[in-house]
Every structure is written in structure tokens, then in C-alpha cells.
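Structure record follows, encoded as C-alpha cells.
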Amino acid sequence: NLAVSAINCNQPLNLAVQNIGISTADVTWDTASGQESWILTYKESSATDWDTIHLSTNSYHLTDLGYLTTYNVRVAMDCGEDGFSVWSETSFKTRHCEAEDQCTYTLYMADNYNDGWNGASLTILQNGIEIGNYTVPQGNTQVASVVLCDNTTTSLVWSKGQYDSECTFYLYNAYED
């Protein structure tokens, strides 16, 4: 005889990470009626071990995070003797400066032969730390948003490709200056 019983243990929905700073982030998720406890785990994306937190609320403020570090975070409903629900998962990267010190720039990249940058790339650094590496993989244009910190030394480093004379780029602030 086989007996099957349903477990009312719903997966948390709409897991989100907001207010991401240099070393902090807020994690939230939606709950269904009757859900009262959860397990939140997080780790650096390259780590093997998860930090685990048992919660009775559907939000948590992460602290002591690493600078410019990618994290994996997941949450499940604690179903008591029945175990846990299915995990909801997401990832995020901590910032290189606080939100109030950030400006978003637009990087316009072009190749006038319409075959991409042929191995060339542009690396943007702030205080010697890589913010991003950009290229035109194929075709003639690519546009990227670049978040940079105010009052911080910024370097643009060109890595040569096969036909550099075909490549151009422009970095504009919100006013297209």
C-alpha cells in the first residue's frame, strides 16, 4: 500500500535583492498565507559553504559583505517536520561605491567595418579595480550602461585587436556630455 499526502509548503516567490551597497544588501520575498518561518542562505559565488539564517519575517538585511563581490542567495519555507519548500534563488554583486555617489554613463561603441572589434576591448577601472570589460562582439554597434563613482580616479584601458582603426567609443554622462 502506498499512501501519498500533500504538504502545504509553498516556495517563496519574487525573491529580490535591493539597496545593494558596498557591504550590505536587503533581501525580500513574497509569502503565501500561513507561512511563518523561512531559511535564508547566502554565499560568495565562488564559495562552497552557505551561511544560514532562520527567519520569522520575509526580509533580511545582509551585512559584512565583500566589496565588488558576487553573491548567491536563496530562501525556502521552513515546513517543520516536512522539511523545506523548493528554494527560490538569485544572485547579486555588491557595489564599488554607495548609491548616492554613483553616476550612470552610457558607453557607445562602434565598428565602421561592421564585423565587431576583432578581439579589441575596453576595460574601465576605478582606483585600479575593474568595473567592466566591453567590446563589440559582432556587427557595428554596442551600447552599455556603466555605473561609476563620483570623485574617483577612472582609467580607460584599450586592449588591441586585429583592426583597431575601425573601432570607436564614446562615454557620455546623463547629459550626453
Side-chain angles (χ1 to χ4, degrees), residues 12-30 40-51 58-75 87-177:
L13 301 175
N14 302 317
L15 177 61
V17 182
Q18 301 166 330
N19 304 318
I20 300 168
I22 296 172
S23 62
T24 62
D26 293 331
V27 182
T28 62
W29 58 93
D30 292 340
L40 176 117
T41 64
Y42 69 99
K43 68 179 184 83
E44 289 186 22
S45 62
S46 60
T48 54
D49 295 330
W50 294 82
D51 289 320
N58 64 324
S59 64
Y60 189 75
H61 181 70
L62 296 171
T63 60
D64 299 321
L65 303 175
Y67 172 82
L68 274 178
T69 303
T70 301
Y71 284 87
N72 298 332
V73 62
R74 61 187 186 176
V75 65
W87 291 100
S88 291
E89 300 183 43
T90 192
S91 62
F92 68 96
K93 186 174 185 177
T94 55
R95 307 277 187 220
H96 52 295
C97 59
E98 296 299 344
E100 61 268 14
D101 297 325
Q102 295 175 355
C103 295
T104 301
Y105 290 78
T106 302
L107 176 62
Y108 294 96
M109 299 165 281
D111 178 85
N112 62 11
Y113 196 73
N114 200 29
D115 64 348
W117 277 6
N118 299 298
S121 65
L122 176 69
T123 302
I124 300 178
L125 305 150
Q126 285 207 293
N127 287 337
I129 297 171
E130 183 177 315
I131 302 305
N133 184 276
Y134 306 91
T135 190
V136 178
Q138 61 187 11
N140 67 343
T141 60
Q142 189 81 14
V143 178
S145 289
V146 181
V147 177
L148 298 175
C149 303
D150 286 342
N151 302 314
T152 304
T153 301
T154 303
S155 304
L156 306 178
V157 179
W158 181 257
S159 296
K160 294 179 63 116
Q162 195 169 5
Y163 301 104
D164 290 345
S165 63
E166 300 173 1
C167 307
T168 56
F169 67 88
Y170 302 93
L171 186 62
Y172 292 107
N173 64 20
Y175 308 104
E176 297 209 3
D177 291 337

Report yes or no: does [X] contribute a side-chain atom to a donor-acceptor pair with the main-chain N or O of [Y] at less than 3.5 Å?
X	Y	answer
Ser121	Asn133	no
Trp117	Lys160	no
Asn58	Trp29	yes
Asn118	Gly116	yes

- State which residue, out of Tyr170, Phe169, Tyr172, fulfils the ring-ring contact (aromatic ring centres under 6.0 Å, His included) condition with Tyr108. Tyr172
When you compare the side chain of [Y] with that of [X], does any pair of heavy atoms fall below 4.5 Å?
X	Y	value
Leu62	Phe92	yes
Arg95	Val147	no
Asp26	Ser59	no
Thr24	Asn19	no
Tyr105	Ile124	no
Thr152	His96	no
Val27	Val75	no
Arg74	Trp50	yes

- Message: Would you say that more than 12 heavy atoms from the other residues, nucleotides or ligands in this model lie under 6.0 Å from the CG of Asp150, or not?
- Response: yes
- Task: Assess whether atom CD of Glu89 is packed by more than 12 heavy atoms of other residues, nucleotides or ligands within 6.0 Å.
- Result: yes
Which heavy atom in [X] sits nearest to a heavy atom in [Y], and how many Å separate them?
X	Y	result
Gly66	Tyr71	N-OH, 2.6 Å
Thr94	Tyr67	OG1-C, 3.5 Å
Leu13	Ser88	N-OG, 4.4 Å
Gly139	Asn114	C-OD1, 3.2 Å
Ala110	Val136	N-CG2, 4.2 Å
Ser145	Thr104	CB-CG2, 4.2 Å

Rounded to the nearest 0.5 Å, what separates atom [atom1] in [X] from atom [atom2] in [Y]?
X	Y	atom1	atom2	answer
Asn151	Thr154	CG	OG1	10.0 Å
Glu166	Asn112	CD	CG	5.5 Å
Asp115	Gln162	CG	CD	8.5 Å
Met109	Thr135	CE	OG1	7.5 Å
Lys93	Leu68	NZ	CG	5.5 Å
Gln126	Ile131	CD	CD1	5.0 Å

- Can we say the SG-SG distance for Cys149 and Cys97 is below 2.5 Å? yes
- Item | Step-by-step side chain to side chain contact (heavy atoms under 4.5 Å, CB included) determination, Leu107 to Leu122 | CA-CA 10 Å; Leu107 176 62; Leu122 176 69; 3.9 Å; yes
- Item | Evaluation steps, side chain to side chain contact (heavy atoms under 4.5 Å, CB included), between Thr41 and Lys43 | CA-CA 7 Å; Thr41 64; Lys43 68 179 184 83; over 6 Å; no
- Message: When you compare the side chains of Ser91 and Asn72, does any donor N or O come within less than 3.5 Å of an acceptor on the partner?
- Response: no
- Task: Assess whether side chain to side chain contact (heavy atoms under 4.5 Å, CB included) is satisfied between Thr141 and Val143, documenting all intermediate values.
- Result: CA-CA 7 Å; Thr141 60; Val143 178; 5.6 Å; no
